[in-house]
Amino acid sequence: MKTRIIKPKKISDLKKPAKLLHEGKLVAFPTETVYGIGANALNSNAVRKIFIAKGRPADNPLIVHIADKKDLSKLVKRIPEKAKKLIGTFWPGPLTIVFEKSPLIPKIVTAGEKTVAIRMPKNKIALELIKLSKTPVAAPSANSSTKPSPTKAEHVLEDLDGKIDAVVDGGKTEIGIESTVLDLTSKTPMILRPGKITKEELEKVIGKVYTRTKNGKVAKSPGMKHKHYSPKARVILFSGNEIEKLLKKHKCKKIGVIKFENSAEEFARNIFSDFREMDKLGFEIILVETVPKMGLGVAIMNRLKKAAGDK
Ligand code: TXA
Ligand code: MG
C-alpha cells in the first residue's frame, strides 16, 4: 500500500483524510501529545488493521478520540460526576478517562474489556479531522509496537510507511509524551499512566487520586504490562556525576548522552525524537539524565524507566 502524506494548509485539506477514516482506512495524525494512528472506532475491521500495522498485542486496548464533548454519552454507560468535573477542566487536552463502555464500542477496541478509554485531543488538525470523519476515532500512538512514540510525521513513516493509508503532517507535537490515563471505573480514581496532567492537578478538581504502582493489586491498565518506548540502543539512566563512571565503564561502546538542561516541558518534547535520532546514528548505549520527579517529571521518569528496561 502507498502511504499518502498530507500537509494541510487549510481545513478543507482534511476532507480527504477524513473520508479515508470514515471509509475504514488507517490515517495517522498529530495530537498535542504524540501522533496517533487512527481508524473508525465503530468499524471492527478498520480497528483490526491498527493492531496488524503496529504489531500490537490484541490484549492492549485503544483510546477512542472524539472532537465534541457531546459525543461522549453514546460511547459510555454513564458519566460519573468526577468525570464531568475533569472534562470541564481538562478537555480538550491530554487527559484520557476510562469509563464503562456502551454496546456501541466494538470489543476489539477495548480488547474485550468492559471499559473504554476516551479523550478529546487539543490539536486543531486532530479535532477538525475527527469532526469531518463523522465518527469517533480509535487511535494508539503511531509507532510500531515497543518503539518510542512518534512526535513528527517522519517518525510515523519510519515505522509505518506502506502499512497505513495516509499520514497528516502537522509538524512536531507540542507535548511530546502521551496523555495521562485515569480510570474512573474503580472505587477510587486511579492513574494508570502518568502524563502531562499531573496527579496534583487532578486532585484539585476531584480530590484524592491514586497511582497504580507496578506491584499494586490493580492489574487495570492492560498496556502497562507491555514493553514500551524503547530505542534499539540500551538506555541507562544516571544522575549527577554518575556519568563519569558510566562513560569510563562503557568506553569501548558508541555512547550518546541526553542531559536534563532546561525545563521538563522541553525534555518531554524532545526525548522520543532524541531516542530515534540516536538509533539512526548507531549508538549502542544512550545515557539519560534523570529528571526531578515532580510535575511533568513524574511522567518523564515513567517513560525513561520503561525505556531502560524496568517493566
Ligand atoms: O496521548 C495519547 O494518549 C496518544 C495519542 C495518540 O492520543 N495515544 C496513546 O495511545 O498513547 P496508546 O494506545 O499508545 O496508549 C493507550 C494506553 C495503553 O497503555 C492502554 O493499555 C491504555 O491506554 N488503555 C486503553 N484503553 C484502556 C482501558 N479500557 N482500560 C485501561 N487502560 C486502557
Ligand atoms: Mg503507545
Side-chain angles (χ1 to χ4, degrees), residues 27-39 41 47 50-51 53-67 75-77 90-102 105-123 125-127 129-130 136-151 155-156 159-160 167-168 170 173-186 189-197 212 218-230 268 272 299 302-303 306-307 311:
V27 178
F29 60 94
T31 76
E32 78 280 35
T33 56
V34 300
Y35 275 72
I37 163 175
V47 174
I50 291 184
F51 286 90
K54 273 186 69 107
R56 183 176 176 106
D59 63 351
N60 193 2
L62 307 178
I63 297 174
V64 175
H65 296 65
I66 56 174
L75 304 177
V76 304
K77 228 182 209 164
F90 298 112
W91 278 14
L95 174 65
T96 297
I97 302 177
V98 177
F99 298 90
E100 285 169 55
K101 82 177 206 58
S102 83
I105 305 271
K107 266 194 188 150
I108 187 162
V109 173
T110 65
E113 302 276 325
K114 290 195 174 76
T115 57
V116 61
I118 302 194
R119 93 175 187 97
M120 179 178 174
K122 189 177 184 174
N123 172 288
I125 291 177
L127 287 171
L129 180 69
I130 299 166
V137 174
S141 48
N143 50 287
S144 292
S145 203
T146 80
K147 287 278 178 60
S149 292
T151 53
H155 300 160
V156 176
D159 287 11
L160 299 171
V167 54
V168 181
T173 61
E174 200 185 309
I175 295 173
I177 59 173
E178 310 84 348
S179 63
T180 306
V181 179
L182 179 74
D183 185 3
L184 287 182
T185 67
S186 41
M190 181 77 67
I191 295 176
L192 303 178
R193 178 177 72 185
K196 168 80 176 159
I197 312 277
R212 181 182 172 268
V218 203
K220 255 299 178 66
S221 193
M224 302 306 264
K225 67 178 184 238
H226 298 106
K227 192 171 143 80
H228 258 114
Y229 321 115
S230 322
F272 288 147
N302 168 273
R303 306 306 191 271
K306 280 171 189 276
K311 301 300 172 323

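As the structure lists them, so they are numbered: ligands from 1, and atoms in each ligand from 1. Positions are given from 1, in the same order as the sequence printed here. Values below: every heavy atom of this structure, side chains too, minus hydrogens, waters and symmetry copies.
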- ligand 1-proximal atoms of Arg56, by part, heavy-atom distance under 4.0 Å: side chain

- Query: Which atoms from ligand 1 have a heavy atom of Ser179 less than 4.0 Å away?
  - Reply: 1 (O), 2 (C), 3 (O)

- Query: In terms of side-chain heavy atoms, does Arg212 have a donor or acceptor partner in Ser186 at a distance below 3.5 Å?
  - Reply: no

- Query: When you measure from the side chain of Thr173 to the backbone N and O of Thr33, does any donor-acceptor pair fall under 3.5 Å?
  - Reply: yes

- Tell me, do Val168 and Pro30 make a side-chain contact under 4.5 Å, heavy atoms counted? yes

- Task: Could you tell me the separation between the CG atom of Asn143 and the OG1 atom of Thr151, rounded to the nearest 0.5 Å?
- Result: 10.5 Å

- Query: Under a 4.5 Å cut-off applied to non-hydrogen side-chain atoms, are Ser141 and Lys54 in contact?
  - Reply: yes

- Query: How does Glu113 reach ligand 1, if at all, at less than 4.0 Å between non-hydrogen atoms: by side chain, backbone, both, or neither?
  - Reply: neither

- Task: Give the numbers and elements of all ligand 1 atoms closer than 4.0 Å to a heavy atom of Ile63.
- Result: 3 (O), 8 (N), 9 (C), 10 (O), 16 (C)

- Tyr35-ligand 1 polar pair, N/O distance under 3.5 Å: no

- Val181, Thr33, Thr110, Val116: member with heavy atom nearest to atom 23 (O) of ligand 1: Val181

- Should you measure from each heavy atom of Gly36, which atoms of ligand 1 turn up under 4.0 Å away? 6 (C)

- For Thr115, the atoms of ligand 1 under 4.0 Å from one of its heavy atoms are 28 (C), 29 (N), 30 (N)

- Task: Below 4.0 angstrom from a heavy atom of Leu192, which ligand 1 atoms are there? Numbered from 1 as shown, please.
- Result: 31 (C), 32 (N)

- Item | Exercise: do Thr96 and Ser179 side chains pair donor with acceptor under 3.5 Å | yes

- If you count the atoms of ligand 1 from 1 in the order shown, which ones are under 4.0 Å from a heavy atom of Ser141? 8 (N), 9 (C), 10 (O), 12 (P), 14 (O)

- Within 4.0 Å of some non-hydrogen atom of Glu178, the atoms of ligand 1 are 1 (O), 2 (C), 11 (O)

- Item | Shortest reach to atom 11 (O) of ligand 1 by a heavy atom, considering only Glu100, His65, Arg193, Met190 | Arg193

- Atoms of ligand 1, numbered as shown, that sit under 4.0 Å from any heavy atom of Ala117: 25 (C), 26 (N), 27 (C), 29 (N)

- Applying a 4.0 Å heavy-atom criterion (strictly less than), which segment of Asn60 is in contact with ligand 1: side chain, backbone, both, or neither? side chain

- Query: Has Ser149 got an N/O/S atom less than 2.8 Å from the Mg ion (ligand 2)?
  - Reply: no

- Query: Arg119 and Thr31: side-chain donor and acceptor closer than 3.5 Å?
  - Reply: yes

- Query: Which heavy atom of Pro121 sits nearest a heavy atom of Pro92, and at what distance?
  - Reply: O-CB, 3.3 Å

- Query: Could you state the interatomic distance from NZ (Lys101) to CD1 (Ile118), rounded to the nearest 0.5 Å?
  - Reply: 10.5 Å

- Ala41: what forms a side chain to side chain contact (heavy atoms under 4.5 Å, CB included) with it, not counting sequence neighbours? Val64, Pro136, Ala138

- Task: Mind checking whether Arg119 contacts ligand 1 via backbone (N, CA, C, O), side chain (CB onward), both or neither, at a 4.0 Å heavy-atom cut-off?
- Result: side chain

